[in-house]
Amino acid sequence: MSSVNLTSLGANQVKSTTSGEMVEIGSLWQEQTVVLFFLRRFGCQVCRWMSAEVSKLEKDLKANGVALIGIGPEETGVKEFMDGGFFKGEIYIDEKKQCYKDLGFKRYNAVNVIPAAMGKKVREIASKASAEGIQGNFSGDLLQSGGMLIVAKGGEKVLLHFVQKSPADNISLEDMTKALGISANVQAGEKPQCNEDVCTR
């Protein structure tokens, strides 16, 4: 079972991209079950593809009283990300990256990143995402990884805690709906593959 301490995690402050207000992340699950999608980086091409995938569930989530919320580790690229319409939920910024630390979302280093950034698999992912009209850039923190946390209403329990093992690692829509105990009629896209340690596009 998940070892996430919702009490300490819930006290962390995140910033709303709509109001600029700082709120405790725990307030996001007080009144409703919430899916928190932690992005590596707003300019990351693979993250944008994943955001579009997760957003396919937004209507079904809403119909079941579940909020879809994106969390980014910094403000760099957030306007372009929002303008691009990649994600259908609210977006918050974890400026101190404390939630990322508490949830075990690792950071890479220059040794892992540089060779992978030039690797064949990165080009393949970029090509697949580009074919769907999704572009990316290298702005922002290239070293952060992400994941997902699904918390039941009132912080009753953690329904899912997913930690990326590689930057192309993502949770399936089926696993998300299973964790939530809901059904959804959506078609998952073909997942970009990456066997490198990191994908920075």
Side-chain angles (χ1 to χ4, degrees), residues 14-15 17-18 35-58 61 68-95 97 99-100 103-150 160 162-176 186-201:
V14 290
K15 182 179 180 180
T17 57
T18 50
V35 173
L36 297 171
F37 175 51
F38 287 82
L39 291 97
R40 290 184 56 239
R41 193 168 56 83
F42 288 116
C44 167
Q45 192 173 27
V46 176
C47 298
R48 290 177 174 186
W49 182 88
M50 290 178 184
S51 297
E53 278 295 291
V54 170
S55 293
K56 290 178 179 178
L57 290 177
E58 193 263 344
L61 294 176
L68 176 63
I69 294 176
I71 310 279
E74 60 186 350
E75 290 198 45
T76 303
V78 69
K79 185 181 185 309
E80 183 184 336
F81 181 84
M82 292 168 73
D83 289 348
F86 303 109
F87 188 72
K88 291 188 177 169
E90 289 182 66
I91 299 172
Y92 289 79
I93 310 291
D94 179 10
E95 294 179 322
K97 302 181 186 177
C99 297
Y100 283 76
L103 291 169
F105 300 148
K106 70 179 179 178
R107 286 184 62 76
Y108 296 98
N109 58 52
V111 176
N112 327 34
V113 168
I114 293 170
M118 310 213 174
K120 180 182 172 192
K121 295 294 180 185
V122 175
R123 293 195 304 272
E124 287 175 1
I125 291 176
S127 173
K128 284 183 182 179
S130 293
E132 294 185 31
I134 297 173
Q135 300 298 319
N137 60 56
F138 290 105
S139 298
D141 183 354
L142 302 176
L143 306 179
Q144 184 63 57
S145 67
M148 183 175 285
L149 184 72
I150 301 181
L160 184 143
F162 171 74
V163 179
Q164 283 186 319
K165 292 190 173 104
S166 78
D169 203 10
N170 72 321
I171 191 84
S172 72
L173 302 185
E174 184 183 357
D175 286 344
M176 286 175 62
V186 296
Q187 180 67 44
E190 183 187 348
K191 178 184 174 184
Q193 297 298 314
C194 181
N195 296 323
E196 303 285 352
D197 286 339
V198 77
C199 302
T200 57
R201 288 303 296 258

- For atom CD of Glu95, decide whether the heavy atoms of other residues, nucleotides or ligands shown that lie under 6.0 angstrom number more than 12. yes
- Note on the structure: Hits for salt bridge (charged side-chain N to carboxylate O under 4.0 Å, His left out) against Lys97, two or more places apart or cross-chain, chain-then-number order -> Asp141
- Partner of Met148 under side chain to side chain contact (heavy atoms under 4.5 Å, CB included), picked from Val163, Leu36, Val54, Asn170, is Val54
- Message: Which residues pass the side chain to side chain contact (heavy atoms under 4.5 Å, CB included) test with Thr17, not counting sequence neighbours?
- Response: Val78, Met82, Ile91, Ile93
- Atom CD1 in Ile71, atom CG in Leu103: separation rounded to 0.5 Å? 9.5 Å
- Measure the CD-OG1 distance between Glu90 and Thr18 for me, rounded to the nearest 0.5 Å. 6.0 Å
- Inter-residue atom distance Lys79.NZ - Thr76.OG1, 0.5 Å rounding: 14.5 Å
- Query: So, for Phe37 and Phe87, which heavy atoms are closest and what is the spacing to 0.1 Å?
  - Reply: CD2-CE1, 4.0 Å
- NZ of Lys56 to CG of Leu61: how many Å apart, nearest 0.5 Å? 14.0 Å
- Distance from Phe162 atom CZ to Met176 atom CE, nearest 0.5 Å? 11.0 Å
- Task: Hey, could you give me the CD/CZ distance between Glu80 and Arg48, rounded to the nearest 0.5 Å?
- Result: 4.5 Å
- Item | Nearest heavy-atom neighbours spanning Leu39 and Pro73 | O-CD, 3.4 Å
- Query: At their closest point, which heavy atom of Ser145 faces which heavy atom of Arg40, and how far apart are they?
  - Reply: CA-CG, 3.7 Å
- Flag side-chain contact, heavy atom, 4.5 Å: Glu74 against Gln144: no
- Which pair of non-hydrogen atoms, one from Lys106 and one from Lys165, has the smallest distance, and what is that distance? NZ-O, 3.5 Å
- Compare every heavy atom of Phe105 with every heavy atom of Gly146, then report the nearest pair and how far apart it is. O-CD2, 3.3 Å
- Note on the structure: In short, Cys44 meets Cys47 closest at the heavy-atom pair SG-SG, 2.9 Å
